[in-house]
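Report on one structure; see the data block that follows.
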Protein chains: 2
Amino acid sequence: MVATQAKRADAQRSIAAILAASVECLSRNPEASVSEIAKAAGVGRVTVYGHFPNRADLVDATFARAIENGHAALEAVDLEGDPREALARLIDSSWMLVDRFRSLLTAAQDALPPGRIRTLHAGPMDRVERLVERGRAEGVFRTDLPVFWLVSVMHNVMHGAADEINAGRLDADDAGDFITATILAAFSTP
Amino acid sequence: MVATQAKRADAQRSIAAILAASVECLSRNPEASVSEIAKAAGVGRVTVYGHFPNRADLVDATFARAIENGHAALEAVDLEGDPREALARLIDSSWMLVDRFRSLLTAAQDALPPGRIRTLHAGPMDRVERLVERGRAEGVFRTDLPVFWLVSVMHNVMHGAADEINAGRLDADDAGDFITATILAAFSTP
DNA sequence: AGTAACTCGTACACGGGTGTTCGACAAGGG
DNA sequence: CCCTTGTCGAACACCCGTGTACGAGTTACT
């Protein structure tokens, strides 16, 4: 996040290229090899190892970066007002990210130690939880199920939508509405 | 499904042992090697290749068998009467299977050609779809979302519950109720 | 301009999995 | 009882990925 100091401009360019290629490759194929990523970055394989000790560390950095970017985009969403409308807005901005980074996520699941993903996810997660809690306090969201479960349902429905889109069974134009209609119904107090 | 004819009793025993070990190993580790499975079956690795040309074919057979067993168990569930109650009964019997074969599923996703899983899944899928359609016809399930989407939601919520259980965040005793409460709310006509 | 940092390609060692072959040795079926 | 069918272990060839080492060449900072 802070500019990597004491590194030559040369190296910084390489790192940027590697990270850019990494996010692109891993988003296409979660098992992309280091050679593949290096080639896509226009860089020698050895150079990659010069900046990232492991493949795991590279995946970690790539994933962390993607989360950071996504989080920044999501923070622009206004969560004030009617919780249902706020949730709809949040879903609208979120599901595309879930779709885009679907493959990168599985890469992270393979390469990163358990729990690491959740740690990186903590930031974006918090905002969702807070919104759900506010909705419960205002009586529009159900309180007979724990918050973590509701958040999990939201994640999984979005993830499922991404799979359906990827399989060609769901039109991307419909996804947002479908998810919103489903989640609002599932969250509403009975 | 039909008894493998023209095979010696010896070989049939081996095949059974391999399949049993395979389902057990792949349910623990989706990337279990052939050696591992052979060892667990108390059989030489070569013997496995004597019955299954590929690792992929072995996974296919294992997965198909698991589906078959699960399907048989699910067919015992009574789907008559109030669609909501029928759905609750179906969920109650289904989610444990999803949980148990969670890992085997990812093994299949890695090893099998795309679409193959869906083909194997077709049997159990049909019953769910028919139930949902009946619920819609009777006015208790929503019709503003396509059936395939509702079925997908149900799958993903169950799958998500399995993940939460596996991560130690969800008590298995709660899972059934949580899933049912969520899905019924999501399916009900608004 | 000179020095330290960086990159590149090749090559190597290593581990791991897959699928096949071979020969010797049981064990079932007719 | 004999012959087919299986099984076993070891060995082999193969492919692929990871991580490291080396030496030569290039690029940036001061």
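Reminder, nothing fancy here: chain letters follow the sequence lines and each chain counts from 1.
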Checklist entry - How are the rings of B:Phe187 and B:Phe141 set relative to one another: parallel (under 30°), tilted (30 to 60°) or perpendicular (over 60°)? => result perpendicular

Checklist entry - Parallel, tilted or perpendicular for A:His121 and A:Phe63, by the 30°/60° rule? => result tilted

Backbone N or O of [Y] within a donor-acceptor pair of the [X] side chain at under 3.5 Å?
X: B:Ser152; Y: B:Phe148; value: no
X: B:Ser188; Y: B:Ala185; value: no
X: A:Arg134; Y: A:Leu79; value: yes
X: A:Ser27; Y: A:Leu104; value: no
X: A:Arg127; Y: A:Leu74; value: yes
X: B:Gln12; Y: B:Lys7; value: yes

Next on the checklist: Using the rule given for side chain to side chain contact (heavy atoms under 4.5 Å, CB included), can you reason through B:Val128 versus B:Met125, listing the C-alpha separation, both sets of side-chain angles and the distance that settles it, and then say yes or no?
Outcome noted: CA-CA 5 Å; B:Val128 182; B:Met125 207 87 151; 5.9 Å; no

Checklist outcome for this item: Within residues 16-28 of chain A, those residues having any heavy atom closer than 4.0 Å to DNA chain D are none

Checklist entry - Using a cut-off of 4.0 Å between protein heavy atoms and nucleotide atoms, how would you tag nucleotides 18-23 of chain D 5' to 3' with B, S and -? => result BBBB--

Checklist outcome for this item: The first and last nucleotides of DNA chain C lying within contact of chain A, meaning any atom under 4.0 Å from one of its heavy atoms, run from C:dA4 to C:dA11

Checklist entry - How long is the line joining CG of A:Asp10 and C1' of D:dC29, in whole Å? => result 11 Å

Checklist entry - For B:Arg13 and D:dC8, what is the distance between atoms CZ and P respectively, to the nearest whole Å? => result 11 Å

Item to check | Side chains of A:Val23 and A:Phe101 in contact at under 4.5 Å (non-hydrogen atoms) | outcome: yes

